[in-house]
Amino acid sequence: MKFSRPRGTNDLFGERMERWHDVEGRIVRLVRGYGYSEIRTPVFEMTDLFIRAVGKATDIVSKEMYTFSDKKGRSLTLRPENTASVMRAFLENGLHRKGGISRFYYMGPMFRYDRPQAGRYRQFHQVGAEAIGSSNPAVDAEIIDISLSIYSVCGFPPLDVRLNSVGCPVCRPAFKEILIRSLAGYGDELCQNCRERGMVNPLRIFDCKKCGEVKKKLPFITDHLCRECGEHFSRLQEILDGLGIRYTLDPLLVRGLDYYTKTAFEIIHPGLGAQNALSGGGRYDGLAEDCGGGHIPAVGFSAGMERLLETLPESFPGETGDGRVDVCIILIGDSGSMQALSLAGRLRESGLSVLTDLSGRSMKKKLGAASEAGAGFAVFLGPDELEREKATVKNMMTGSQEVLAFDGIGPFIERERDNRGE
RNA sequence: GUGGGCGUAGCUCAGGUGGUAGAGCCCUGGAUUGUGGAUCCAGUUGUCACGGGUUCAAAUCCCGUCGUCCACCCCA
């Protein structure tokens, strides 16, 4: 084979594709139940949007973007995440003028140039939701509630939410100062990497897996939040408590995108290996302004589809399973293709899903394939039938069969299925 | 970007210390001339990832490349 798929991408088909659809369907029903409507934004945007929104110094922007120039020399980038696009679309379409809270969900491919690994791909898929236009911590709670429910509707046992507040432009810079001062005392104990990034973004040290000992001794941002952030955070916890939503406070939790303010959360799963985050999200009250809009507070989350599918529990209540095809029309002999297709069309009009087998293989193979496709009925069309303008209909369950005129096949199948109480 | 394991049939994998490739599943045909899920019989399937080197001889040893998996890192 001359061509292979680009590194870190996947071909989706067969059972996996079916399960994907099933999961997507459940999630869509769920979020629509919360009043969220779908938004689809382009898979590529002007590069500057991501630089401004996600942050120049983040790993995503500095080394993971698929950036290219179009024929007019404009710099475009395949979206590494979707929140920036949703905010851009929100502002560009003047949706801020509608007032109230705008609630959107999205699903689709994202692109990051990373070394592929368990649960990490260069093209991966996210489903997420954004609630734009409110600073009420109750909306944060709604978002956390939804992101947890995604897993419960897919049959997951209750998962752990790690929760933190990352402050805002008022308190975070002050905390950074405190942190940097504190870090100075532990210079030799930090790993090489952390010593370097300590200058650029000291908060990221909390992400490091090696510097565990030092992390415990550092000050926590939650002890240094400004009045507004502190109140928001404690109010959120009250609401979550009241709703019975369980969470674990994690003062070490930080987010890798610069736009986050106040609430930050992550849902993790132990079965994923190193890439253990199933979903993550938080508040981004400054993003609208970064994108050239006014002050518009917002919260959202995003979940990785591949990671969800890879950890889907055995108990996943899969949809009906078999029976995807109602009827298989089996042509016998080498004439009559047209009649077979025409009959299939008629049956489809009556609402049945129909597969045709016009291959020259053996009867045994054709019936076997029909059975595997889950067909409840096989319709034989051979020289005898064609001559009499009839077809033999076989009930695959009972094995009984009858010769019927073309017009009678649809009603017959319906009757047979009713008898079975379907 | 760094490190390690692995690349043999469509799939899962055998192929001690070098001698030109195998099994199961799948697929196809038959036993059953136009009737499935079982059984039995027969058959097809390969640039042994790619390129180079060592050798009379390489799937096997060496080097490189690519892919894949895992970890670092990062994050969904």
Side-chain angles (χ1 to χ4, degrees), chain A residues 1-10 14 54 58-64 79-83 107-128 147 150 191-194 196-197 204 207-210 253-257 260 264-269 272-281 300-311 322 328 330-334 357 359-386 391-401:
Chain A
M1 178 51 74
K2 191 158 186 176
F3 299 107
S4 57
R5 62 181 185 271
R7 183 152 202 217
T9 63
N10 289 297
V54 176
T58 61
D59 281 34
I60 292 177
V61 169
S62 63
K63 46 194 187 198
E64 296 174 4
R79 61 184 183 193
E81 59 97 50
N82 208 18
T83 301
M107 47 192 15
M110 309 295 157
F111 307 84
R112 289 183 202 173
Y113 189 90
D114 241 358
R115 188 97 169 238
Q117 202 184 309
R120 190 166 80 186
Y121 307 97
R122 289 183 176 177
Q123 176 176 336
F124 60 101
H125 297 75
Q126 290 188 330
V127 48
S147 46
I150 279 181
C191 71
Q192 178 65 28
N193 205 328
C194 284
E196 283 166 18
R197 68 182 169 191
R204 291 277 301 287
D207 255 345
C208 183
K209 284 166 187 162
K210 290 181 209 142
L253 177 71
V254 283
R255 306 265 67 209
L257 291 78
Y260 285 109
F265 69 93
E266 209 167 76
I267 296 176
I268 56 172
H269 192 286
L272 272 172
Q275 312 302 318
N276 66 351
L278 273 179
S279 72
F301 83 95
S302 189
M305 280 296 284
E306 284 84 356
R307 292 183 187 182
L308 194 167
L309 270 289
E310 279 163 27
T311 49
D322 61 329
C328 183
I330 294 173
L331 184 67
I332 302 159
D334 39 29
D357 192 335
S359 71
R361 330 186 265 179
S362 69
M363 191 75 232
K364 185 185 174 120
K365 291 293 163 197
K366 288 193 270 208
L367 263 175
S371 163
E372 202 171 320
F377 297 87
V379 173
F380 301 112
L381 210 51
D384 299 349
E385 286 87 351
L386 284 169
T392 306
V393 181
K394 176 185 174 101
N395 184 325
M396 297 290 276
M397 294 292 257
T398 64
S400 67
Q401 53 189 59

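Order of the sequence lines fixes the chain letters, A, B, ..., with proteins taken first and strands second; residue numbering starts at 1 for each chain. Keep in mind that the numbers below use all heavy atoms, side chains included, and drop hydrogens, waters and symmetry copies. Keep in mind it's a predicted model, so treat the numbers as computed, not measured.
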Any strand: nucleotide that pairs with [N] via Watson-Crick or wobble, under 3.5 Å:
N: B/rC73; value: none
N: B/rC27; value: B/rG43
N: B/rG16; value: none
N: B/rG37; value: none
N: B/rA21; value: none
N: B/rA57; value: none
N: B/rG7; value: B/rC66
N: B/rC48; value: none

Any sub-3.5 Å donor-acceptor pair from A/R122's side-chain atoms to A/P116's backbone N or O? no

By nearest-heavy-atom nucleotide on RNA chain B, the more 5' of A/M363 and A/G304 is A/M363

_Students often get this wrong, so: under 4.0 angstrom with heavy atoms, is A/F301 touching a base, only sugar-phosphate, or nothing?_
nothing

_Minimum side-chain heavy-atom gap A/T9-A/F111 below 4.5 Å_ = no

Notebook entry, point to check: Are side-chain heavy atoms of A/F124 and A/D114 found at a separation under 4.5 Å?
Noted result: no

Protein-nucleotide distance ([X], atom [atom1]; [N], atom [atom2]), rounded to Å:
X: A/R7; N: B/rU65; atom1: CZ; atom2: P; result: 13 Å
X: A/L272; N: B/rC69; atom1: CG; atom2: P; result: 15 Å
X: A/K366; N: B/rG36; atom1: NZ; atom2: C1'; result: 13 Å
X: A/F380; N: B/rG36; atom1: CZ; atom2: C1'; result: 9 Å
X: A/N276; N: B/rA71; atom1: CG; atom2: P; result: 10 Å
X: A/L367; N: B/rG37; atom1: CG; atom2: C1'; result: 10 Å
X: A/M396; N: B/rG37; atom1: CE; atom2: P; result: 10 Å

Taking the C1' atom in each of B/rC48 and B/rG43, what is the distance between them to the nearest angstrom?
23 Å

> Mind checking the C1' distance from B/rA23 to B/rC66? Whole angstroms is fine.
Replying inline: 29 Å

* **Pair A/R255 + A/E266, salt bridge at N-O below 4.0 Å** => yes

Per-nucleotide protein contact along nucleotides 24-33 of chain B, 5' to 3', at a 4.0 Å heavy-atom cut-off (B base, S sugar-phosphate only, - neither), is ----SSSB--

What I want to check is whether an N or O donor and acceptor connect the side chain of [X] with the base of [N] at under 3.5 Å.
X: A/E64; N: B/rG1; result: no
X: A/Q117; N: B/rC73; result: yes
X: A/R120; N: B/rC70; result: no

Under 3.5 Å between N/O atoms: give me all the protein pairs with nucleotides 3-6 of chain B, atom names plus distance.
unit_1	atom_1	unit_2	atom_2	d
B/rG3	O6	A/R115	NH2	3.3

Result for side chain to side chain donor-acceptor pair (under 3.5 Å) between A/E306 and one of A/R120, A/H125, A/Q123 points to A/H125

Looking at B/rA76, I'd like to know if its phosphate oxygens (OP1 or OP2) sit under 4.0 Å from a side-chain N or O belonging to A/R255.
yes

Please tabulate, one pair per line, each protein N/O and nucleotide N/O from nucleotides 41-50 of chain B that are separated by under 3.5 Å, including the distance.
none

